[in-house]
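Remember, predicted model here, so these are calculated numbers, not experimental data. Chain letters run A, B, ... following the sequence lines, proteins first and then strands; every chain starts at 1.
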2 protein chains.
Amino acid sequence: MTSSSVAMLARPATVSALTAPRVGSYCDHKEHCDSCSLRELCLPVGLERESIRLLDRIVPNRSRVKRRESLYRPGDAFGAVYAIRLGTFKTLMLAEDGREQITGCYMNGEIVGLDGIGDGRHTCGAVALEDSEVCALSFAQLCKLAHDIPALGRNLNRCISKDLCRGQHMMLLLGSMRAEERLVVFLLNLSGRYRARGYSGSEFVLRMTREEIASLLGLKLETVSRVFSRLHGEGLIQVQGRSIKLLDLPALQAMVSQGT
Amino acid sequence: MTSSSVAMLARPATVSALTAPRVGSYCDHKEHCDSCSLRELCLPVGLERESIRLLDRIVPNRSRVKRRESLYRPGDAFGAVYAIRLGTFKTLMLAEDGREQITGCYMNGEIVGLDGIGDGRHTCGAVALEDSEVCALSFAQLCKLAHDIPALGRNLNRCISKDLCRGQHMMLLLGSMRAEERLVVFLLNLSGRYRARGYSGSEFVLRMTREEIASLLGLKLETVSRVFSRLHGEGLIQVQGRSIKLLDLPALQAMVSQGT
DNA sequence: CGACTAGTTGAGGCCAGTCAATGTTGGTGG
DNA sequence: CCACCAACATTGACTGGCCTCAACTAGTCG
């Protein structure tokens, strides 16, 4: 089952797109792990050259995923995890009544799909927020390789655990913060992650709609819009559609580190 | 660092209790994994006899943790994960301003402490809700052993990933459900887990105070109390302090699977 | 240009929070 | 064994933050 899923990824786009457009198309160029700019954020972090070469051998060509396309859907059989090479993804869960809750936002260098390891089935879905590219890693092959490269196994464990911590932080946010705090935490989080990637941490473009941000933060889109406007009015940020400029980082930090 | 942490666990109670009462006391009897009633819920699940014997060798004697004692605290160095042999634990996060958010409730056969793998430091704390017993597993030793027993490594990965999924479900709950739904989901969740352990799934005793339940569900204690009373009034449950009886499981299920 | 999607803003309502008083329970020591 | 106290829980009245509904604007794409 794992192999078939990965085999599918290697097939040309048209076929899979007609049946189930999970992974859009196939990239003809191969970027190797050891020359990838995300080497230090992704699974290879800290691995020695030779180990990276071995890892590289199980990484197939990158796959393109177009905006709005699903990488996997809730309930899908689990076969691979995906390293985001380029772009942004949201993960979402479906309630029994069909409501959709966005549970995370992942950017390049991060891994999605780890939620499927538990019981061989994805509990979440992952959808591209913009045209993106991922490296699909067969989980079976990854495990086999991790056995030969202990450091890779550790990195894998770390990735899952970090995702777990991310979830804990979201629970803290959803369980105990007011709308304004949630949004500020969200912005500061993005800021830090962009900075870690060498982009500006004070000026960036949101990849999500107001509605998606609202879902992620447990709010309604109007509330998100209103809070943006209020922060703008207070001179703390500048908002122009999805373009965000954080004008007063210290003040924003203070808003979430002190009560109220 | 890992070894020292585990060494501490093996020391008699008085010493560690005086300095840092992380793990209360030390049990003089040794229960072996292969005769443990939680074999099928815990890490050994599906392992062959010989593998379980090897795992057993790195499991030290059980440690007692008294009610209200911390197994580990947010920020503690990570060295071990803990299999709950007996009792119940809550995990909690601290906000920067000191607010405390309960992020989970774990019972026997479950593993806590996995959040520390990510960056070598626990993001959460774990506190016993009643007098409990845990098997502390040195993570370093566990990894070493997982290398020799691939199935154990898979189980470990599964445990972390399942915890991740648990978090996703909590996000769904916190992000999109109303007070009543949250509480019903919580009760049904407990019900299922008690049933999986051979206890009654329709009649059990809560280990948490109203305030703890409220924190876990992102509510206030008065709201929890009110919703309990309302459900009681509607004949769906029977509440007597912390004793709960679920009187109409199908109706409760229906409340959370249909919108509203 | 019209249809559509995304975003903003306002008015009003409701669910859950807040504050406060009272009741209940369980552990402790006389 | 019972009285006492503190922690836990319930209930009521009121408030307020966020949701709902709705109107309107600004881009975007066929």
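- Taking only side-chain nitrogens and oxygens, B:Arg242 comes nearer than 4.0 Å to OP1 or OP2 of D:dA9.
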Dump the pairs, protein N or O against N or O of nucleotides 17-24 of chain C, anything under 3.5 Å, distances to one decimal.
from, atom 1, to, atom 2, distance (Å)
C:dG17, OP2, B:Lys220, N, 3.2
C:dG17, OP2, B:Thr223, OG1, 2.4
C:dT18, O4, B:Arg226, NH2, 2.8
C:dC19, N4, B:Glu222, OE2, 3.2

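- Helical stems in DNA chain D, defined as runs of 3 or more consecutive Watson-Crick or G-U wobble pairs with both donor-acceptor distances under 3.5 Å, are listed by first residue as C:1-30 with D:1-30.
- Considering CZ of B:Arg178 and CE of B:Met255, their distance stands at 8.0 Å, rounded to 0.5 Å.
- Residue B:Glu110 holds its CD atom at 14.0 Å from CZ of B:Arg85, rounded to the nearest 0.5 Å.
- One atom, CG of A:Leu206, and another, P of C:dG7, lie 9 Å apart when rounded to the nearest Å.
- Comparing D:dC18, C:dA16, C:dG7 by their closest approach to the side chain of B:Arg178 singles out C:dA16.
- Remark: A:Leu129 CG to A:Arg207 CZ distance equals 9.0 Å, nearest 0.5 Å.
- Expressed to the nearest 0.5 Å, how far CD1 of B:Ile213 lies from NZ of B:Lys90 amounts to 11.5 Å.
- Shown here is A:Glu180, whose CD atom has more than 12 heavy atoms of other residues, nucleotides or ligands within 6.0 Å.
- Taking atom CZ on A:Arg67 and atom P on C:dT5, their separation rounds to 12 Å, with Å as the unit.
- Put simply, the side chain of A:Ser176 gets close to the backbone of A:Leu172: a donor and an acceptor are under 3.5 Å apart.
- In this structure, A:Arg230 places its CZ atom 10 Å from C1' of D:dC18, rounding to the nearest Å.
- A:Ala214 and A:Leu221 make their closest contact through CB-N, 3.5 Å (heavy atoms, listed as atom of the first residue, atom of the second, distance).
- The distance between atom CZ of A:Arg68 and atom C1' of D:dT28, rounded to the nearest whole Å, is 12 Å.
- With respect to the salt-bridge test (charged N to carboxylate O, under 4.0 angstrom), the residues A:Glu130 and A:Arg242 do not qualify.
- B:Arg182 has its CZ atom 14 Å from the P atom of C:dC15, to the nearest Å.
- Closest to the side chain of B:Ser229, out of D:dC18, C:dT9, D:dT10, is D:dT10.
- One atom, CG of B:Leu217, and another, P of C:dC15, lie 19 Å apart when rounded to the nearest Å.
- A straight line from CZ of A:Phe228 to C1' of C:dT9 spans 16 Å, rounded to a whole angstrom.
- Counting any heavy atom pair closer than 4.0 Å across all strands shown, A:Ser225 reaches a base atom.
- For the pair A:Leu183 CG and D:dC18 P, the computed distance is 11 Å after rounding to whole Å.
- Residue pairs meeting the ring pair (Phe, Tyr, Trp, His ring centres under 6.0 Å) criterion with at least one member in residues 200-226 of chain A, sequence neighbours excluded: A:Tyr194-A:Phe204.
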